[in-house]
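Heavy-atom basis, side chains included; hydrogens, waters and symmetry copies ignored.
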Amino acid sequence: MNATAATPPHPAHDDLVRRWLDTLPAAGELSADPRPYAENLLARWAEPQRRYHSTDHLVAVLGHLDTLAGHAGDPAAVRLAAWFHDAVYRPDRSENEERSAVLAERALAELGLDEARTAEVARLVRLTAGHDPAPHDTNGEALCDADLAVLASAPAAYAAYAAAVREEYGFVPDDAFRAGRAAVLRQLLDLPALFRTPHGRAEWEARARQNLATELDLLTV
């Protein structure tokens, strides 16, 4: 993994490094020291173009996966996918998930993870491009629900999320952004279900739909 520019550490930096190490096999089973890989990933998540897809988002997704881990068939693979799912992120590009998956394939192979788990992590990262796991894909359901859980935030937190997304797309004129964002919101609201896990359906679905409808109303007045 190529190094990225140094940035001030996130308040949760040490805890995140610990979580990364705990998710991997024991150091003696790996081909390389895993700690520099954590540092590289955290530097990526802290890049200056990020406003929503930042270290705070990584922390949130990992936290939601603590809640949803019992649903996943391979919680470790899902957590590793969370680390990589937005590791490559440029708001002006459409291939972020693919590039993030390729990064995962390269990094996990260098670390010596087995091919099956590496392939599963990469598959899950690619799945976040559309958040449409197949029925009974429990790993995909857990990751996608954790990634979308922000939609069920309390109103103030949801407003902050929406504002951060707008900041990431600051290069897009207002009219174009409003039209594009409204289309995304309508697409989400048209889904038969936003969340696939039992917890997501019970705890997040209704509130997320209310937040999405409110944002859509504000964009289209």
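Remark: Asp175 CG is loosely packed, at most 12 non-hydrogen atoms of other residues, nucleotides or ligands lying under 6.0 Å away.
Between the side chain of Asn139 and the backbone N or O of Asp74 there is at least one donor-acceptor pair closer than 3.5 Å. With Glu97 contributing its side chain and Leu127 its backbone, the two residues share no donor-acceptor pair below 3.5 Å. His71 places no side-chain N or O within donor-acceptor distance of the main-chain N or O of Leu68, the cut-off being under 3.5 Å.
By the 30° and 60° cut-offs, the orientation of the rings of Tyr169 relative to Phe177 is tilted. Between Trp45 and His57, the ring planes lie tilted relative to each other; the angle falls in the 30° to 60° range.
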Exercise. Evaluate the criterion salt bridge (Lys or Arg N to Asp or Glu O under 4.0 Å) for residue pair Glu39 and Arg35; output intermediate values, then yes/no.
Key: CA-CA 6 Å; Glu39 299 293 351; Arg35 195 172 290 268; 5.6 Å; no
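Between Glu47 and Arg50, at least one side-chain N (NZ, or NE/NH1/NH2) sits under 4.0 Å from a carboxylate O, which counts as a salt bridge. For Glu141 and Arg196, the salt-bridge test fails: no basic side-chain N is under 4.0 Å from an acidic carboxylate O. Salt bridge annotation for Glu105-Arg126: present, with a cationic side-chain nitrogen under 4.0 angstrom from a carboxylate oxygen. Arg90 has no carboxylate O lying under 4.0 Å from a charged side-chain N of Glu95, or vice versa, which leaves the two without a salt bridge.
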Which atom pairs, one a donor and one an acceptor, fall under 3.5 Å between side chains of residues 21-31 and the rest of the protein, sequence neighbours left out?
unit_1, atom_1, unit_2, atom_2, d
Asp22, OD2, Arg18, NH1, 3.0
Thr23, OG1, Arg19, O, 2.7

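There is a side-chain donor-acceptor pair under 3.5 Å between Arg44 and Asn40.
From His85, atom NE2 reaches atom CG of Asp147 across 3.5 Å, with rounding to the nearest 0.5 Å.
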